[in-house]
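See structure below.
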There are 2 protein chains.
Amino acid sequence: MRAISPPVGLPVLAESDLVRQVARRLTDAIVQGRLPPGAKVAEAAVARELGISRAPVREAARLLESQGLLKASPRRGFFVRELSAKDVDELYDLRLCVERHAAVEAARRLTPAMREGLRRQLDVMRELARRDDPAMIVEADYQFHRLICEAAGNARLLRLFDGLASELRIVIGLIGRLYDDSQEIARTHEPVLAAIEAGHPERIVAHVDHHIGVARREVVRLVQSLTLTP
Amino acid sequence: MRAISPPVGLPVLAESDLVRQVARRLTDAIVQGRLPPGAKVAEAAVARELGISRAPVREAARLLESQGLLKASPRRGFFVRELSAKDVDELYDLRLCVERHAAVEAARRLTPAMREGLRRQLDVMRELARRDDPAMIVEADYQFHRLICEAAGNARLLRLFDGLASELRIVIGLIGRLYDDSQEIARTHEPVLAAIEAGHPERIVAHVDHHIGVARREVVRLVQSLTLTP
DNA sequence: CAAGCTGAAAGTGTCGACAATCGACGCCTA
DNA sequence: TAGGCGTCGATTGTCGACACTTTCAGCTTG
């Protein structure tokens, strides 16, 4: 047991290795739409831009490849993953699978703190909807679903959700707004939370299904409109 | 488009990049228990043994890290992931979530070919059980579940299942036999296939739950016995 | 004028090397 | 004798270099 370790609140000064930092930067660039689907991610160019060598860039690219954000083409390099309508469909299928489970599990272990967190997040979304801030709403939407997965108490499930969300952001990042009606997004979340608080598995699944079904249709429609008019 | 590419049945002679090969070798070593949990994976040693440089080894290690097989400890290297009872519990929770979905979906899209494949796999398991070949049974067991996930028609779901199975193999690989009774394993699979063929979602979920619940208890018990007596 | 060929430039796959850091051993001190 | 400290070896993190492959622009040719 360490005796003279820092008492509390260590600031974790600078992540030790460049790989994580590069991975983060690339991820940000992709989900923000700065690196559009199909774009080439040239190791040398990235390395030059960041003022480092190619080795950490390569490792970061591998990391993002395993997350589905990049696609490796041997001897040709890495490219930002292009998502077809089928890909989006698959991703939403998994989201359904994961979030049903997460919501039911979250209801089983719901603590007052979690419930409060979810309610607060819903308030944030309502406020953003009132102000009609599409970009922030997408972020708040993600956070709400993430909180549910967090409340499920399964770290791997949370990581899985993050991975699915990241991949979906490849396409969602392309547009500013996901829903036509900003108000609607907050409204469709309310029954989900209500069902979780009530704790009826069937109702939870039903509402999660409905909510994700709506989002799925929106995104699939979006992807099709994008791929048809390049 | 390449013109003079091999017509058919390419034997995939030496994958172009070493990274995949190294990743495969390391994965095999881990799931076969040759690299036990907690073991250090020294880059230089692996590189020397394979007669290559450290760069591909590093990249392969990153890959395996993102799959949960290795754990990166900054400035200290990579180690084979150690799974606690909680980890195993989490993994089985996800398996439940994934395989329920896969089985229901597989039932919806079941083709005669798939049904035949599942039946044949069950026959293989029965035969192995009769011969009492524990190691092969674990493999056949895995293949049966994998076929169900394949039949679900979602490539990502299949990859997810493979990832979960790989992680679980870290511990399963430690022992030769998973079940006390080799015959039992084949028996517990039969109702699952029957339910899929019948196509009743509730019955499918119920049988999958029961089957995976049995396996989960076995593995959790195993892990506890291993961690208590190192 | 279009299609195919040729050469150079750019980029990837891999390697060996160097500095920074971690762990271990032995030494010193109380 | 127990505990802390400094040094040494080993390993990681990062870098620049080289060979081979792919790409593309310009030229040649039917």
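What you see is a predicted model, and the numbers here were worked out from it, not measured in a lab. These numbers come from the heavy atoms of this one structure, side chains and all, not from hydrogens, waters or symmetry mates. Residue numbers start from 1 in every chain, and the chains themselves are labelled A, B, ... in the order their sequence lines are given, proteins ahead of strands.
Separating the CZ atom of B:R75 from the P atom of C:dT21 is a distance of 6 Å, rounded to the nearest angstrom. Residue A:I52 contributes atom CD1, which lies 6 Å from atom P of D:dC15 at whole-angstrom precision. Going from atom CD of B:E43 over to atom P of C:dT14 covers 16 Å, rounded to whole Å. Distance, B:R76 CZ to C:dA20 C1': 16 Å, rounded to whole Å. Protein atom CD of B:Q21 is 14 Å distant from nucleotide atom P of C:dG13, rounded to whole Å. A straight line from CG of B:L50 to P of C:dT14 spans 12 Å, rounded to a whole angstrom. Note: CG (A:L18) to P (C:dA19) measures 18 Å, nearest angstrom. The distance from atom CD of B:E65 to atom P of D:dG13 is 10 Å, rounded to the nearest whole Å.
Ion pairing of B:R20 with A:E65 is present here, as a side-chain N (NZ or NE/NH1/NH2) and a carboxylate O approach within less than 4.0 Å.
Sorted by residue number, the members of residues 54-63 of chain B with any non-hydrogen atom under 4.0 Å from DNA chain D read B:R54, B:R58.
Between the A:N154 side chain and the B:E90 main chain, a donor and an acceptor come within less than 3.5 Å of each other.
Distances were taken from every side-chain heavy atom of A:S53 (C-beta onward) to each of C:dC22, D:dT14, C:dC15; the shortest belongs to D:dT14. The side chain of B:K40 sits closest to D:dT11 out of D:dT11, C:dT12, D:dC15.
Using bins of under 30°, 30° to 60° and over 60° for the plane-to-plane angle, the ring pair A:H211/A:H145 lands in the parallel bin.
Residues that satisfy the side-chain contact (heavy atoms from CB on, under 4.5 Å) test with A:E49, not counting sequence neighbours, are absent from this structure. By the side-chain contact (heavy atoms from CB on, under 4.5 Å) test, B:R34 is found to be paired with B:A29, B:Q32, residues two or more places apart in sequence or in another chain being considered.
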Let me see the working for A:E139 and A:R169 under salt bridge (charged side-chain N to carboxylate O under 4.0 Å, His left out), right down to the final yes or no. CA-CA 10 Å; A:E139 177 62 26; A:R169 283 195 190 188; 3.4 Å; yes
